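Everything quoted here is computed from the prediction, not taken from an experiment. Only this structure's heavy atoms are used, side chains among them; waters, hydrogens and symmetry mates stay out.
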Amino acid sequence: AYRTSAIQPVTIRMAEGVWNMIGSTIDPSRPNHFYPNRSVRLEGGYNANCSNRSNAPDATVLTAPVIDISAPLAGAATLHVERITIRDVSRLELVFAEGEIFLDRVWLDGNSQGKFNSQRLTLRNSLVAYGGTSGVLTGKCAVEYFNHNPERIEVEHSTFVRNLGPAALCIIEHTGESLRIASNVFWENDVDIRVDNRNSYSGAFLGLLFNNLLGSGIVTETPPLVPPVATLSGNPQFVGFDDFRLSGTSPAVNSGRINANLVAQRDFDGNSRWFGSAPDRGAFESDIGSTATVLTVTNTNDSGPGSLR
């Protein structure tokens, strides 16, 4: 099915189980390694005949020393990955350099390096844990974004925990107003976020950071033009050591950035993204608060209190 993307967009529904991708078309060490020319959509969690689908992202697990899904000639194509875990990979490369990478409800677990190259990147409702390799100068980032001409970078409602290296989330070659990091939880990483911007505006980078919970902070070559908004620091109070759901006393509960578009989203577990007075920060939405989300629109503005956006 993957080879069909040479001539047309393709959706691949993957069954539950642990899939060792050694020797497959996404193993770059093999001669049958394949580069798609059209959009690719990978969906995990299906049963054998695709009649039912699990909500758990770890129902379908991909593993191998190296996984490479790259489309150097695909132009504006999209790689969409949903409800899939990628685990214990030494080098993960997702490259749609002139197109889009969209990751929703994905678990990046124990990967030594993750490299993402696209003009548009969305990472949301996802978990990044135990990734990267040690060393500020020689280490590797759990998630590293790089593109010469980025249009939009959005990292929202995701949890980054116990990642090593230069940072859990590294942004390189960011060049414009397109960077948005909102409502995430970062905890026990060597460094939470690193922005190595080669181009800046008046000595500052044009990134927007809203409602994040940070444990070890942000490293940037130049300060942000707009200071981070509603940042929390301190223990997010997870349910357990390796259970990154939020306990009832977590400061991340009901403190994420309000956005009407979240009403239609699902969290990492498949629950409604918004439950309570505001969405939670991080990949998991708790059931603490009101059972209903009510938005009161009082004006037609594009942003701000009372607006639909």
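- L42 and M21 fall within a single hydrophobic cluster, where Ile, Leu, Val, Met, Phe, Trp and Tyr side chains are chained together by heavy-atom contacts under 4.5 Å.
- Checked by atom type and distance alone, the side chain of N212 never pairs as donor or acceptor with a backbone atom of L232 at under 3.5 Å.
- The pair R162-D242 meets the salt-bridge criterion, with a side-chain N (NZ, NE, NH1 or NH2) lying under 4.0 Å from an Asp/Glu carboxylate O.
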Subject >> Derivation of the side-chain contact (heavy atoms from CB on, under 4.5 Å) call for D88 and D109 >> reply: CA-CA 6 Å; D88 296 333; D109 183 26; 5.5 Å; no

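- A pairwise comparison of heavy atoms in G276 and W274 identifies O-NE1, 3.0 Å as the closest pair.
- By the 6.0 Å and 45° rule, R257 stacks over the aromatic ring of F210.
- Between I101 and V95, the shortest heavy-atom distance links the atoms CD1-N, 4.3 Å.
- Side-chain contact between N254 and F275: absent, with no pair of heavy atoms (C-beta onward) separated by less than 4.5 Å.
- Not one N or O on the side chain of T25 forms a donor-acceptor pair closer than 3.5 Å with the backbone of F34.
- Using modelled atom types, one side-chain atom of N163 and one backbone atom of V128 make a donor-acceptor pair closer than 3.5 Å.
- Using cut-offs of 30° and 60° on the angle between ring planes, the pair Y130 and F244 is tilted.
- If you chain together hydrophobic residues whose side chains sit under 4.5 Å apart, I67 and L123 fall into the same group.
- Between the side chains of D267 and N125, no donor-acceptor pair of N or O atoms lies under 3.5 Å.
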**OP:** Could you go through the ring-ring contact (aromatic ring centres under 6.0 Å, His included) check for F160 and F186 one step at a time?
**Re:** CA-CA 5 Å; F160 296 75; F186 294 83; 4.6 Å; yes

Got a list of side-chain donor-acceptor pairs under 3.5 Å for residues 4-19, not counting sequence neighbours?
residue : atom : partner : partner atom : Å
T4      : OG1  : A1      : O            : 3.2
S5      : OG   : Y2      : O            : 2.6
W19     : NE1  : A15     : O            : 3.0

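- Looking at D269 and R245, a side-chain N of the basic residue comes within less than 4.0 Å of a carboxylate O on the acidic one, giving a salt bridge.
- In this structure, D27 contributes its side chain and S29 its backbone to a donor-acceptor pair below 3.5 Å.
- Linking Ile, Leu, Val, Met, Phe, Trp and Tyr residues whenever their side-chain heavy atoms come within less than 4.5 Å places I86 and I69 in a single cluster.
- Nearest heavy-atom pair, P36 versus S70, reported as atom, atom and distance to 0.1 Å: CD-O, 3.0 Å.
- Look at E154 and R124 and you find no salt bridge, because none of the NZ, NE, NH1 or NH2 atoms lies under 4.0 Å from a carboxylate O.
- Not one N or O on the side chain of D280 forms a donor-acceptor pair closer than 3.5 Å with the backbone of L246.
- Residues satisfying the salt bridge (Lys or Arg N to Asp or Glu O under 4.0 Å) test with R120, not counting sequence neighbours, are E100, E151.
- Under a hydrophobic clustering in which Ile, Leu, Val, Met, Phe, Trp and Tyr are joined whenever their side-chain heavy atoms come within less than 4.5 Å, directly or via other members, Y145 and I218 fall into the same cluster.
- Nearest heavy-atom pair across A278 and S255 is CB-N, 4.4 Å.
- When side chains are defined from C-beta on, L209 does not count as touching V229, because their heavy atoms never get closer than 4.5 Å.
- In this structure, F238 and W187 have side chains that are in contact, with non-hydrogen atoms separated by less than 4.5 Å.
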**OP:** Decide yes or no on side-chain contact (heavy atoms from CB on, under 4.5 Å) for I181 and L208, but give the supporting numbers first.
**Re:** CA-CA 6 Å; I181 302 174; L208 301 176; over 6 Å; no

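- The shortest side-chain heavy-atom distance between E43 and T60 does not fall under the 4.5 Å cut-off.
- Listed for the R180 side chain is no donor-acceptor partner under 3.5 Å among the backbone atoms of I153.
- Summarising the local packing, OH of Y35 is surrounded by 12 or fewer heavy atoms from other residues, nucleotides or ligands at distances under 6.0 Å.
- For the pair E285 and R273, the salt-bridge criterion is met [side-chain N within less than 4.0 Å of a carboxylate O].
- In this structure, D192 contributes its side chain and G217 its backbone to a donor-acceptor pair below 3.5 Å.
- When every heavy atom of A167 is checked against every heavy atom of I193, the shortest pair comes out as CB-C, 3.9 Å.
- A donor-acceptor contact shorter than 3.5 Å links the side chain of R194 to the backbone of P166.
- Of the possible polar contacts, none joining the R87 side chain to the V61 backbone as a donor-acceptor pair under 3.5 Å is found.
- Of the N and O atoms on the side chains of N47 and N49, at least one donor lies less than 3.5 Å from an acceptor on the other residue.
- By the 4.5 Å heavy-atom criterion applied to side chains, V155 and L169 are counted as neighbours.
- Listed by chain and number, the residues in a side-chain contact (heavy atoms from CB on, under 4.5 Å) with S247 are Q237, T249, S250 (sequence neighbours excluded).
- Contact detail for G99 and S118: the closest heavy-atom pair is O-CB, 3.6 Å.
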**OP:** Let me see the working for E98 and N117 under side-chain contact (heavy atoms from CB on, under 4.5 Å), right down to the final yes or no.
**Re:** CA-CA 9 Å; E98 298 181 6; N117 183 346; over 6 Å; no

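- A donor-acceptor contact closer than 3.5 angstrom links the side chains of R105 and N55.
- Under the 3.5 Å distance criterion, the side-chain polar atoms of N184 are matched with a main-chain donor or acceptor of S158.
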**OP:** Show your reasoning for whether side-chain contact (heavy atoms from CB on, under 4.5 Å) applies to I22 and R30.
**Re:** CA-CA 8 Å; I22 293 177; R30 297 304 175 95; 3.6 Å; yes

